[in-house]
Amino acid sequence: MIGTLDKAKLKERYDICIVGSGPSGMTLAAELAYSGLKIAMIESGSFKRSSLAEELKEVQSEKLPIKANSRERVVGGASSTWGGLSALLDPADLAHWPLSFDELLPYLKAAAKYHFPSLETFQNPSGTGWKFKNLADKLFVAVRPPFNFTSLVNIFNRKGVDLYTEATVAKLVSQNGRIKKVLCRSVDGQGFEVSAEIFILACGGIENSRLLLVSGLGNEYDQVGRYFMNHPKGYAGRLHLSKPLPVNNYYLPRVVGGRMVYAGLRLEEELQKEKGLLNACVQFEPDLGIFQKYAFAIWRRMPGFSTKVLTIFLPRTLRARWFADMEPRAENRVILSDKLDRFGSPLPKVVYDLSERDKATLEELFSQLRSGVERLELGKLTGTAADVLKVVKDDASHHLGGTRMGLSPQESVVNTECRVHSSENLYVVGGSVFPSAGCASPTMTMVALSIRLAEHVKSKLASKPRRTFKNQTSRTSSQKILIIGAGNRVRGDVLPVLESLPGFEITGIFARHASSLFGAHRSYDVRTMESLSVENLKGARFLYVSVPRETLAQVLSDLPGASSLEVIIDTPVLPAVKKYAHKFKRIHVAEDSVFLPWLDGLKGREVKEIECSQSVFRYHGMALVKAFGPINYGYRLGNKLYLKAGNTKVKIIEPRDYASGKLKIDGQEPDLTAIIAELIPEERGLLGEIKSTDTIVSKMGELKRVGLRRLLLAASRGEETWSLEEGLNDVRIDWLLHKVWIYLSI
Ligand SMILES: Cc1cc2nc3c(=O)[nH]c(=O)nc-3n(C[C@H](O)[C@H](O)[C@H](O)COP(=O)(O)OP(=O)(O)OC[C@H]3O[C@@H](n4cnc5c(N)ncnc54)[C@H](O)[C@@H]3O)c2cc1C
């Protein structure tokens, strides 16, 4: 269940209550979702940013800043805006941890399920760097596009696994060393209580400390909020190279096997030990002069293209970007401010600064880099160590420490299981438990800790009677379906739809990289395309190929011919696909607009006029309009398309925006309640929570899932769906309207 707080829904006691739905909380929920335990996740934000959530995330800071956009109050937390970079902690960092690298290893490996790079990517980075004395390379790997943990919400389609959005936990209430309940506030300030056996805070690096401080928990030895760390960062100095970087050099971002890889530099661990220094890092970026401010945006959208440009026009001037490591110091801390939020809770205030040791590390790193550049005759490093210290201030959005992990309550807040020392049933996950910062992007380690905690919690509650859930996908097994692709379309639409169809069984999911997908009934291993065999294809009746349209033809071309296989592809369809149609029994275009439930009531009725104002994508519009008859003619005036289908006049206004769009049929908006009343329960289940403010357009995305379900059902019965010819025809009409401005059926 996904919904807002409602007393009626909160009658039951949960086994586990997770507060916060960022990477840490979502991973926990996904790991626990199929355990049969009853889980509530409480999230302060909703699926979109709101002014209230922005207001609630206010934070004050002293000395070094905490920037407003370093945290997000939405489902998925900061993974909705993060950069997706991963790095591993180094031995020097783990010296402060009560856990060894070997203890973390299985969980770091398992993080690949959540789209993190495999450990092999770090071991074999493909590319080399300079051979500096006293400096070691530090490897960073990014998944493109960055994985948004909101994509795991399918798990909340499972009974007993509930996500409450727009629900802010204000306080935890304890009795005799056990947390009894959390007190939450809904958007209108109403109070609710959630009870559970076990509570887990996953509210992010600052809010975890804040909630413990507000609740007066775990702070017997004045440890909560202390040892706060970040990776303060800034640009200083330029490296002017005497010759271009060799092509296989990895100091600038390169795309390797679909992952973006690059290295920075840090002090050799021997030197760190000898001089009592830390693990700061310097990275390089091409100096693009006036284009600099657009560079990140371009690179984010087109990493492959940007890398190619870099290898053709190898830059000679690189900007140096410095990241400090912060020694864990008790005086760097999260405290409570005198200012209250709108629910009367004190805001958090972060007081932190670089220590002399943090600064000395940056100075040494600068000096080692300068002498290394001279010794290797690479060129010239401009600037000074003092320049570095002046700029290294920016918040890197890596909020670490505050509820640090340790062996004793006198010097830490949680134990090695992430349990608050003084509480039997309260756990904390995320960066706040880190005992040191190092210079690694921290989220992969956070996710590894969440996977580890989920394992612990499952074993702790092992004796509890579990709910058993029927696995609908195996009720009947006649329609075996394989999927190629594991992107948003598969996660958000295809998987929930297939799981709602009792006759379908997903027998394999393949994509470029191995990962996992999380459905309402089970999780699915996503295997690499290389492992897709003829045997896999032989057993299946359907193959759903959901890949970017530019790569669809290539994927179909690479597949072995399978004359009994029916292939389902997404819209819009490119003509190149036609060439491969003969290899398969049939091609269905998954044009869900044709099966939209609100079209049912219109069939056989004389409809004079339809106006789709920002409520359809144009190529879906072509298919939708055909429900009223073949398209006779059409023309375009700016962003408006005028069509005549049968006797019906249709106006489509672009661009599509479900938040503000409108749909009118003969001047009237179709009644959402009446449409929902006609749906069968499995179809209704695809719509999620319906709010009183919802309209047919605000729910169009969900209604299209019902359309897809009907289309797949028709395909399974051998009935008419939407053929490749129809799909190509829609695209052709759309193309003519856009390029020639006019279409005439002849
Ligand atoms: C712009 C940006 C770029 C980044 N890039 C990288 C990167 O490249 N690599 C990397 O490793 N990390 C990066 N990070 C950091 C990364 O996003 C965080 O480490 C990660 O999101 C932390 O996950 P979390 O689940 O612990 O916390 P969060 O993501 O902060 O999630 C916490 C959740 O708890 C909710 N919450 C808070 N308080 C309450 C409450 N009282 N009641 C209910 N819910 C509450 C919030 O709404 C939020 O959804 C970046 C961050 C930002 C902002």
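Counting starts at 1 for both ligands and their atoms, following the listed order. Sequence positions, counted from 1, serve as the residue numbers for this chain.
- Residues passing the side-chain contact (heavy atoms from CB on, under 4.5 Å) test with Leu56 are Ser44, Leu52, Arg73, Thr168, Asp341, Arg342, Phe343, sequence neighbours excluded.
- Cation-pi contact between Lys38 and Tyr14: present, with separation from the ring centre below 6.0 Å and deviation from the ring axis of at most 45°.
- A salt bridge does not link Lys57 with Glu207: none of the charged nitrogens is closer than 4.0 Å to a carboxylate oxygen.
- Classification of Lys138 and Asp90 as a salt-bridged pair holds, one side-chain N sitting under 4.0 Å from a carboxylate O.
- In terms of the side-chain contact (heavy atoms from CB on, under 4.5 Å) criterion, residue partners of Asp137 (sequence neighbours excluded) are, by chain and number, Tyr250, Tyr251, Ala263, Leu265.
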Pairs under 3.5 Å, N/O atoms on ligand 1 and on the protein: can you put them in a table with the distances?
residue	atom	partner	partner atom	Å
ligand 1	5 (N)	Gly83	N	2.9
ligand 1	8 (O)	Gly84	N	3.3
ligand 1	8 (O)	Leu85	N	2.9
ligand 1	9 (N)	Leu85	O	2.8
ligand 1	11 (O)	Leu85	O	3.3
ligand 1	11 (O)	Pro442	N	3.3
ligand 1	11 (O)	Thr443	N	3.0
ligand 1	11 (O)	Thr443	OG1	2.8
ligand 1	12 (N)	Thr443	OG1	2.9
ligand 1	19 (O)	Thr443	OG1	2.9
ligand 1	25 (O)	Pro23	N	3.1
ligand 1	25 (O)	Ser24	N	2.9
ligand 1	25 (O)	Ser24	OG	3.3
ligand 1	26 (O)	Ser24	OG	2.7
ligand 1	29 (O)	Ala78	N	2.9
ligand 1	38 (N)	Arg73	NH2	3.3
ligand 1	41 (N)	Val169	O	3.0
ligand 1	42 (N)	Val169	N	2.9
ligand 1	44 (N)	Ser44	N	3.1
ligand 1	47 (O)	Glu43	OE2	2.5
ligand 1	49 (O)	Glu43	OE1	2.7
ligand 1	49 (O)	Glu43	OE2	3.2
ligand 1	49 (O)	Val74	O	2.9
ligand 1	49 (O)	Gly77	N	3.4

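- Not counting sequence neighbours, the partners of Leu340 by the side-chain contact (heavy atoms from CB on, under 4.5 Å) test are Pro346.
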